[in-house]
Structures are given as structure tokens and as C-alpha cells.
Amino acid sequence: MQILDGKKTANDIKKEIAIEVIALIKSGEKKPHLAAILVGSDGASETYVNAKVKACEKVGFNSSLVRFDSDVSEEELLAEINKINNNADIDGLIVQLPLPNHIDEMKVTETIFPSKDVDGFHPENIGRMALNLPTYLPATPAGILELLQRYHIETSGKHCVVVGRSNIVGLPMSILMAQKSYPGNCTVTLTHSRTQNLNEITKTADILIVALGKAEFVTADMLKEGVVIVDVGITRVKSEKTKSGWKLLGDVNFDSVKDKCSFITPVPGGVGPMTIAMLLKNTLISAKSKS
Ligand code: GUN
């Protein structure tokens with residue numbers, strides 16, 4: 001079994017981006033600028049947004065973090081998005097999800113200008129992605145493709161099983177793995193909570209991408225020998241062994257599957273860092289499109 005090392009690969013990508021930022025500035029352009037909006041104080045969302053802001057610093061981007069209390073009105077949030085949409089200094093805008101129940105997430109997503117939607121969540125960008133037109137790919141699926149590519153994983157003609165149909169990961173991932181490209185050209189099965197005989201399907205997977213948010217759900221008995229596993233899950237559970245009092249678990253039971261798979265992304269240090277690296281890449285693309 002070989003580890004698909006997302007942490008190392010993400011660091012390689014960040015170094016490549018940092019070099020491009022230096023070249024941009026040398027040619028008289030401004031620094032790329034990512035704005036993030038965080039609503040409320042959910043622990044996991046705070047961690048992710050802080051990691052995104054820190055990553056901006058590391059590659060030489062400017063970043064702005066706008067925070068709202070969880071009782072902010074939808075109107076006030078949309079007004080801030082419009083302000084950032086019209087700020088020429090800002091290249092990319094993300095609104096960290098999930099949002100409180102009283103705010104319509106799709107309305108928020110649709111308000112972000114597609115040209116600044118570096119998360120790749122806007123319906124226009126999802127449509128362009130589905131048609132294989134140039135766009136911002138959603139960061140997590142893009143990070144998975146990049147990881148498969150950099151480790152030269154064979155995908156053509158393989159059976160790729162995706163577990164979970166979220167708009168952010170499962171759905172776009174299934175579209176991208178079926179596309180006529182590399183990585184891609186897979187026969188794809190998209191499974192979800194209503195799927196019957198899930199184990200029978202996962203047992204036929206050459207590539208298994210799991211994004212359902214259930215800690216350690218996948219075990220060895222669900223797999224074919226030699227499968228490539230991409231684990232998108234990150235569930236925070238209490239732990240007495242860590243300084244923070246938390247530890248992160250994937251959707252795959254690593255110890256159970258490690259001798260049966262050929263490649264696997266660890267949690268942490270797999271897909272998570274790649275998501276951030278691809279968000280930076282999208283922001284750089286946006287900045288360069290104006291230079
Ligand atoms: N919540 C979980 N993943 C993501 C992501 O990639 N982007 C945003 N904006 N929110 C998220």
C-alpha cells in the first residue's frame with residue numbers, strides 16, 4: 001500500500017504558486033487577493049477558514065476575513081458579498097459552508113460573481129465544469145484529480161465508485177471522473193443513502209472515493225484487492241490523547257483496509273490540504289485573468 005500524500009503534494013503546489021506570485025509582482029501586477037466570509041463560530045469551520053488564510057500568507061497572497069455572528073440576516077450577508085463582488089482588488093471570494101438554517105445557501109452561492117467564485121460552487125461554474133469548459137473546478141474534486149495525476153494513477157476504463165452525492169464533492173467528482181480526460185475516462189457509479197447493496201457495488205470499485213461524512217464507515221470486507229481509495233471524510237471526535245482534545249477520522253477505517261488497497265489518502269494529510277492548495281490555484285487563475 002502506498003500513501004497518496006496530500007500534505008506533501010499540497011506543499012509542492014504552494015511552492016509552485018509562490019513562484020508564480022513573485023513573477024506576477026515582478027511584472028508590475030498586484031498580489032492575488034482572496035476574501036473569506038465566516039458566519040458563526042463553528043469549530044470546524046473556524047479551523048478550515050484559518051487554514052485558508054494562513055495558506056494565503058504562505059504563497060504571498062493578500063487575504064481578508066470577514067466575520068459575522070450566526071444571527072446575521074441574509075440581507076446583510078448578501079450586501080457584503082455584493083460589496084466584495086464590486087471590489088476590484090479582490091480576485092476570489094468564498095463563503096464558508098454550512099451556513100445557519102435561516103440563510104439560503106443557494107442564494108448566497110448565486111450572489112457571488114461567477115468570475116470570483118474560486119470555490120467553483122456557482123451554478124454557472126458547475127454547468128461549465130459539466131461541459132468540460134474552462135472554469136474554476138470545485139476545490140476538493142480538483143484536489144483529488146491533481147493527487148491522482150501526480151501519483152500517475154491509471155484511471156482510463158476503471159470502475160470509479162463515488163459514495164455520497166453532495167454538491168461540493170460527490171456530484172462534481174462523479175462528473176469529472178467520467179469525462180474524456182486524464183484523470184477521467186472512468187465508468188462511474190454514484191452511490192448515496194438510498195443505494196441498495198452498497199457493499200456489492202464498492203467491491204467492484206477499482207477507485208473508491210468516499211465522501212459521506214460517517215467516521216470509519218468503509219471496512220476491508222467492502223473492497224476489492226488493490227483498490228485505490230480516496231477518503232474525503234473529516235469527522236472531529238473527542239480524544240484524550242491529543243493536545244487539542246480532538247482528533248480527525250476519515251470515512252474509511254484505515255487500519256482495516258491498509259493491507260487490501262494499493263493507494264490510500266490518509267486523514268489528516270490527504271484530501272484536506274489538497275482542497276486548500278486548489279483554492280489558491282483558482283485564486284491565482286482569477287488574478288492572472290485580469291493581468
Ligand atoms: N465547507 C466544507 N467544504 C467547503 C469548501 O470547500 N468551501 C466552502 N466555502 N465551504 C466548505
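Order of appearance sets the numbers: ligands from 1, and atoms from 1 within every ligand.
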> As a quick check of understanding, evaluate salt bridge (Lys or Arg N to Asp or Glu O under 4.0 Å) for K83 and E80, giving each step before the final call.
CA-CA 5 Å; K83 202 168 108 190; E80 181 63 32; 3.7 Å; yes
> Examine distances only and state if a side-chain atom of N197 and a backbone atom of E200 form a donor-acceptor pair shorter than 3.5 Å.
no
> Sequence neighbours left out, what pairs pass side chain to side chain donor-acceptor pair (under 3.5 Å) with at least one residue falling in residues 162-174?
R165-H192
> State which residues pass side chain to side chain donor-acceptor pair (under 3.5 Å) with S239; sequence neighbours excluded, sorted by chain then number.
none
> Can you run down the salt bridge (charged side-chain N to carboxylate O under 4.0 Å, His left out) pairs that involve residues 259-286, sequence neighbours left out, and say none if there aren't any?
E146-K281
> What does the list of residues with a heavy atom under 4.0 Å from ligand 1 look like, ordered by chain and number?
K52, V95, Q96, L97, D119, F121
> Would a distance-only check, ignoring hydrogens and angles, find a side-chain to backbone donor-acceptor pair under 3.5 Å from H159 to T204?
yes
